[in-house]
Amino acid sequence: MSSNSWDVIIVGAGSSGSVVASRLSEIDNLRVLLIEAGAGAQQIQDFPEEIRSAHIVAGARPQNTFNRLIPGHITDSREYTATRGRILGGSSATNGGYFIRPRRADFDEWAAAGSALWGYNSALSSLIKMESDHNFGATPIHGDAGPVPVTRTLLTTPYVETFHQAAIELGYPDHLDMNDQGADGFGAVPTNTIGDLQFNSAMTYLNPSIERPGLTIWTDATVERVLFEGTTTTGVRVIRNGEAVDVHAPEVVLSAGALITPQLLMLSGIGPADQLAQHSIPLIVDSPNVGKGLSDHPQLVSMWMPKERSEYPAGSWMGGVLHAHHGNSELEALQSIRSLSELVGEEPTDATALMFAPVTPRGTGRLSIVSASIDDAPVVHYNYLANADVRADLRATAHLAFDLLNTKAVVSSSEWSWGPTADDFSSEASLDAWIAENIGTSMHACATASFAGEAPVVDPEGRVIGVKGLRIADTSILPAAPRRGPAVAALLIGEIIASVMASELNP
């Protein structure tokens, strides 16, 4: 076997890719090459402070070199730039440390769209296997020996107590364990943090695997496209040390994330034939849904300034979280106990923020390439407001924000608050105008190369349809964004795809 040949090549060392690489490297005599476009670090102390810190959201600071910028449009008139992690650990290194599992309804829908492989009962063993829950330990639904530490945010600080009392005032019960599939309510946020440290997938999955003889990791290496002979995958072309080199393997796994994986597919000749022809990309497979069906969680933000200030506690930037139903809409209100200005690297204030997201699964967006080069980022069109169901979800979200800000708990403890006002609710048109002016996104992109629908891009085991030897293992393959942030789902995808591959490669 030549020095440019491996048994498996994995493109992207983010949440899913780190898991796949770690699990496959457990197989004796299997040669695995993991390729990451960003920088590498092996020990916790080697990562930049902003990556290690549980106090901030590193992905909210786009000026940092470990963020790749993806331009897009929230509405026709509002541009938005998403960030994706460009470092070992990928976006698990730059997200907020939120670690809530998908809901049982998500698993039911995924299983119905794919196979029982994605059902809750099947997935539960992997969910237990991945975590070391410091609050609940080993139980029938929790693990205490997995690579990912799980702790929960503090509910005893004044800012969080105000939010808690507001939720009680509106009739919401307490929910003690957000990962137990219980009903709506208020509770602490499960996080992949311990104290002031956030643990990404490179720290938790790759580092324990780093010395295995079968695992090779290349960082600062950009994959340009997948290579084929006919419709059989033979490897990838990668730019490393300023030179293009072809590396070969009979199995290639794309784990570059829901915004870059579909770009790589299209640059490799797999995607909508008309879009590929526009950029003179030779067609391998006409796969019309590559880049389509983008599912994310739109976001609205409200704030209040407490009358009495307090010191920030150690640990996560998050406070409590509330899950609620409003009509047919499923909603989440997530609290930041640190000001939004501090999270994005600006001068901090003492304001506390609530980030509201309708989390009912919807697929509204699309992603398109702008050239045949991996150096030119794709463009994302979220199209939230073009969808009547999402517009209804956002109106329900605004109602929840208004109700919380006008509880006695918040009013009595605040110098001021900001969010939708009574005037904004004077008509549906005025409310829609407020929403259009303030809408953002949670950056929870999924479903751009899904196993669901009439023309799926992959099968339920991640194999790209129409070619041999190519799989996807990241949130691209889900039917829609889960009802909770996709951090846990991304690791779960890695566990499931790795298990399937291991059974084939090491029967």
Engineer: Taking only Lys NZ, Arg NE, NH1 and NH2, and the carboxylate oxygens of Asp or Glu, determine whether Arg101 and Asp177 approach each other closer than 4.0 Å.
Structural biologist: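 Salt bridge: no.
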
Engineer: Taking all non-hydrogen atoms of both residues, which atom of Ile194 and which atom of Pro149 are closest, and how far apart?
Structural biologist: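 Minimum heavy-atom contact is CD1-CB, 3.5 Å.
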
Engineer: Roughly how far apart are Asn179 CG and Arg103 CZ, rounded to 0.5 Å?
Structural biologist: 9.5 Å

Engineer: Using a distance-only test with no angle check, is there a side-chain donor-acceptor pair under 3.5 angstrom linking Asp393 and Ser329?
Structural biologist: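 Their side chains do contain a donor-acceptor pair, which is all the 3.5 Å distance test asks for.
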
Engineer: For the atom pair CD (Gln198) and CD1 (Ile56), what is the distance rounded to the nearest 0.5 Å?
Structural biologist: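 The CD atom of Gln198 sits 9.0 Å away from the CD1 atom of Ile56.
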
Engineer: With a 3.5 Å distance limit and no angle check, can you tell me whether Ser201 reaches the backbone of Ser18 through a side-chain donor-acceptor pair?
Structural biologist: no

Engineer: For residues His323 and His175, establish whether the separation of their ring centroids is below 6.0 Å.
Structural biologist: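 No, too far apart.
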
Engineer: Using the rule given for side chain to side chain contact (heavy atoms under 4.5 Å, CB included), can you reason through Val500 versus Ile497, listing the C-alpha separation, both sets of side-chain angles and the distance that settles it, and then say yes or no?
Structural biologist: CA-CA 5 Å; Val500 170; Ile497 298 301; 5.6 Å; no

Engineer: Of all heavy-atom pairs between Thr448 and Pro262, which one has the smallest distance, and what is that distance?
Structural biologist: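 Heavy atoms only, the tightest pair is OG1-CG, 3.5 Å.
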
Engineer: Rounded at 0.5 Å granularity, tell me how far CG in Asn192 sits from CD in Glu131.
Structural biologist: 11.5 Å

Engineer: With a 4.5 Å heavy-atom cut-off, do Asp196 and His55 have their side chains touching?
Structural biologist: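 Yes. Closest side-chain heavy atoms under 4.5 Å.
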
Engineer: Between Asp424 and Arg395, is the salt bridge (Lys or Arg N to Asp or Glu O under 4.0 Å) condition met? List the steps.
Structural biologist: CA-CA 11 Å; Asp424 295 316; Arg395 292 180 197 124; over 6 Å; no

Engineer: Any idea which heavy atoms bring Ile70 and Pro378 closest together, and the distance?
Structural biologist: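 Taking every non-hydrogen atom into account, CG2-O, 3.6 Å.
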
Engineer: Could you report the tightest heavy-atom contact between Pro420 and Ser302, atom names first, then the distance?
Structural biologist: CD-OG, 3.8 Å

Engineer: Can Glu79 and His73 be counted as having a side-chain donor-acceptor contact under 3.5 angstrom?
Structural biologist: no

Engineer: With no hydrogens and no angle check, just 3.5 Å: does a side-chain donor-acceptor pair link Asn387 and Thr364?
Structural biologist: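 Result is no, nothing qualifies.
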
Engineer: Do the charged groups of Arg240 and Asp220 touch, with an N to O distance under 4.0 Å?
Structural biologist: no

Engineer: Looking only at heavy atoms, which two atoms of Leu155 and Gly320 are closest? And how far apart?
Structural biologist: CD2-CA, 4.1 Å

Engineer: Suppose we screen for side-chain contact (heavy atoms from CB on, under 4.5 Å). Which residues come up paired with Asn438, at least two apart in sequence or across chains?
Structural biologist: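 Asn438 satisfies side-chain contact (heavy atoms from CB on, under 4.5 Å) with Leu300, Trp418, Trp434 only.
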
Engineer: Measure across Ala58 and Ala93 and return the closest heavy-atom pair with its distance rounded to 0.1 Å.
Structural biologist: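 Between these two residues, the closest heavy atoms are CB-O, 4.3 Å.
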
Engineer: How many angstroms lie between CG in Leu267 and CG in Asp376, if you round to the nearest 0.5 Å?
Structural biologist: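 With rounding to 0.5 Å, CG (Leu267) is 9.5 Å from CG (Asp376).
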
Engineer: Within a 6.0 Å radius of atom CD on Gln45, are there more than 12 heavy atoms belonging to other residues, nucleotides or ligands?
Structural biologist: yes

